[in-house]
Amino acid sequence: MTSAGNPSPGDDVIDQLAGIAPGSHLDAVRRHRPQAREQAQQSYLALLAPRAPLSSHWPLNERLAVAAFVAALHQQPQVQRFYRDALAAQASLALGKAMDAEVAQGLARGPYGQYPQGPLSAEDQAGPVYAVGAQSRAVLGERLSAGLAHAHLLAFHPRDAQAAHLQALLDAGWSETDIVVLSQLVSFLAFQIRVVAGLRLLLAHPAPPTAAQQPTAEESAA
């Protein structure tokens, strides 16, 4: 399988992750929306296989660390394995082990958080607040540790997000541009994972063929 850090030209990552073979029924289904398919692939390339010149100075190994972390939080095995393997190809063994430890610590069910006081308050739910462990922080550094905390916030506590959380990223050395890219990456992965899960479900349980449409009365009389 092509890695996230080294995609081959023409490979569609969602097709790979969903197990869609060229010429298959699901391939034909996806080809009905060529712009959506292409935009999803280009988003992947821009975020996880960026080429110079870059608007962001966020290095690839840290992007893959966040991707592996978010994919693991969503617990979609194919996507999780894809980004974990890509991280292993780009990062040190120590970083990989630290990320595995943080995945175990960050797993939750969610979403959690509180709505502004009102009718939706009935759906408020308390949940764990994630922070990188001290041992992993020594390996990951303050910057990446803050990025993981923000990714976990967006995944499990989106309605608790406040200006103070963005300030924590700035204090850890994130630029405003890099913060935007980080948020885009987390959002894109949530989209990609849900598309892959849906396509794999369709692949495992294909819809039965529909009966041929019966001619209308007008067609029969023609």
**Message:** What's the separation between atom CG in Leu64 and atom CE in Met99, rounded to the nearest 0.5 Å?
**Reply:** 10.5 Å
**Message:** To the closest 0.5 Å, what do you measure between CG (Asp15) and CZ (Arg37)?
**Reply:** 4.0 Å
**Message:** Is the distance between the ring centroids of Phe191 and Tyr44 under 6.0 Å?
**Reply:** no
Under 3.5 Å donor-acceptor, [X] side chain and [Y] backbone:
X: Ser24; Y: Ile20; result: no
X: Ser183; Y: Ile179; result: yes
X: Arg137; Y: Ser145; result: no
X: Arg200; Y: Leu17; result: yes
X: Arg143; Y: Gly173; result: yes
X: Trp58; Y: Leu182; result: no

Going by atom types only, do [X] and [Y] share a side-chain donor-acceptor pair under 3.5 Å?
X: Asp12; Y: Gln16; value: no
X: Glu38; Y: Gln42; value: yes
X: Gln78; Y: Gln76; value: yes

**Message:** Please identify which of these residues, His157, His152, His165, meets the ring pair (Phe, Tyr, Trp, His ring centres under 6.0 Å) condition with Tyr130.
**Reply:** His152
**Message:** Under a 4.0 Å threshold between the charged nitrogen and the carboxylate oxygen, would Asp27 count as salt-bridged to Arg31?
**Reply:** yes
